[in-house]
Amino acid sequence: RSKYKNIVFDSISPTTFTPYNLVLPYSKNDISFHYIAVETSRPEFVNYQTFLEGYDKAWSTVSKNRSIQFGNIPEGEYTFFLKAQSPEGIWSMPIKYAFTVLPPWYRTWWAYTIYGLIGFCALWLFIFIRERKLKTETALLEKRIATRTEQLQTEKEKVESALSELKATQRQLIQSEKMASLGELTAGIA
């Protein structure tokens, strides 16, 4: 029973014993067809030709083989065609049989949904970690800026203080020079 697990079909033809609407799982993507034409007088002279639409590129060569096997069929929908040639050389109308091979589990719609969710979560996690890192770097940069601004403010105050002292010294020097010039002038007059 486990050999035929996951093989699905609607019903079985009572005359040919073939399943209707056969669906094969990807793990069981091999199929063989056994066939025989009804020819009562000379069945050994009947020729066959097959074609698996979606798998073969052209009809098979004419042969007397009454079976064919297809292996490792990719997922998709297929139609098997068979025609027979009577000993008189007359070809029958092709008969056809359709079946489906399902994709492997990792190429199903629910697998792609899981891949999308994993991708979304990975992207969200990347953005979350990057945003957190940027906030940390921003806080560190703001702290450095505040420290540097404080240092510059202190240096500015020192420079302004030195400038004030320099201006005061300059005024005193000018005043002293004026007094010295006045003293010289007074001495020169005296």
Using the rule given for salt bridge (charged side-chain N to carboxylate O under 4.0 Å, His left out), can you reason through R42 versus E88, listing the C-alpha separation, both sets of side-chain angles and the distance that settles it, and then say yes or no?
CA-CA 10 Å; R42 298 177 291 173; E88 291 78 28; 2.8 Å; yes
Are the side chains of [X] and [Y] in touch, meaning some heavy atoms are under 4.5 Å apart?
{"X": "Q85", "Y": "I90", "result": "no"}
{"X": "T18", "Y": "I12", "result": "no"}
{"X": "I36", "Y": "Y48", "result": "yes"}
{"X": "T108", "Y": "T113", "result": "no"}
{"X": "Q69", "Y": "I31", "result": "no"}
{"X": "S32", "Y": "H34", "result": "yes"}
{"X": "V101", "Y": "P74", "result": "no"}
{"X": "S164", "Y": "K167", "result": "no"}

Keeping the roles fixed (side chain from S176, backbone from Q172), state whether a donor-acceptor pair exists under 3.5 Å.
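Flag set: sc S176 to bb Q172 pair under 3.5 Å.
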When you measure from the side chain of S92 to the backbone of A84, do you find a donor-acceptor pair of N or O atoms at a distance under 3.5 Å?
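It does hold such a pair.
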Between S60 and T50: side-chain donor-acceptor atoms closer than 3.5 Å:
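On atom types as modelled, these side chains qualify, holding a pair under 3.5 Å.
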Would you kindly say whether S41 and E39 are connected by a side-chain donor-acceptor distance under 3.5 Å?
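Indeed, the side chains of S41 and E39 share at least one donor-acceptor pair under 3.5 Å.
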So L102 and E75, side chain to side chain contact (heavy atoms under 4.5 Å, CB included) or not? Walk me through it.
CA-CA 5 Å; L102 296 175; E75 71 263 18; 5.9 Å; no
Which heavy atom in G71 sits nearest to a heavy atom in D30, and how many Å separate them?
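Reported closest heavy-atom pair: CA-OD1, 3.1 Å.
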Compare every heavy atom of P94 with every heavy atom of F81, then report the nearest pair and how far apart it is.
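What the structure gives for the nearest pair is CD2-CB, 4.3 Å.
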Using 30° and 60° as the class limits, which term best fits the ring planes of Y112 and Y115: parallel, tilted or perpendicular?
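Because their plane-to-plane angle is over 60°, the rings of Y112 and Y115 count as perpendicular.
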Would you find more than 12 non-hydrogen atoms of other residues, nucleotides or ligands less than 6.0 Å from W110 atom CH2?
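Yes.
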Hey, is NZ on K64 packed in by over 12 heavy atoms from elsewhere, all under 6.0 Å?
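Yes.
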Same cluster or not: V46 versus I95, using hydrophobic residues (I, L, V, M, F, W, Y) connected whenever any side-chain heavy atoms lie under 4.5 Å apart?
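Same cluster.
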Are [X] and [Y] near enough that their ring centres are under 6.0 Å apart?
{"X": "F99", "Y": "Y78", "answer": "yes"}
{"X": "W124", "Y": "F120", "answer": "no"}
{"X": "F70", "Y": "Y55", "answer": "yes"}

Working to the nearest 0.5 Å, report the span between [atom1] of [X] and [atom2] of [Y].
{"X": "F51", "Y": "K57", "atom1": "CZ", "atom2": "NZ", "answer": "9.5 Å"}
{"X": "I7", "Y": "F9", "atom1": "CD1", "atom2": "CZ", "answer": "8.5 Å"}
{"X": "F80", "Y": "L52", "atom1": "CZ", "atom2": "CG", "answer": "7.5 Å"}
{"X": "L24", "Y": "I73", "atom1": "CG", "atom2": "CD1", "answer": "7.0 Å"}
{"X": "K83", "Y": "W91", "atom1": "NZ", "atom2": "CH2", "answer": "6.0 Å"}
{"X": "T61", "Y": "Q49", "atom1": "OG1", "atom2": "CD", "answer": "7.5 Å"}

Against E137, only a single residue in L141, L134, L140 fulfils side-chain contact (heavy atoms from CB on, under 4.5 Å); can you say which?
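Only one of L141, L134, L140 forms a side-chain contact (heavy atoms from CB on, under 4.5 Å) with E137, namely L134.
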Less than 6.0 angstrom from the centroid, inside 45 degrees of the normal: does R107 satisfy that with respect to the ring of Y26?
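Checked: cation-pi criterion met.
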Quick one: do S13 and Y20 satisfy side chain to side chain contact (heavy atoms under 4.5 Å, CB included)? Show the steps, please.
CA-CA 7 Å; S13 167; Y20 290 119; 3.4 Å; yes
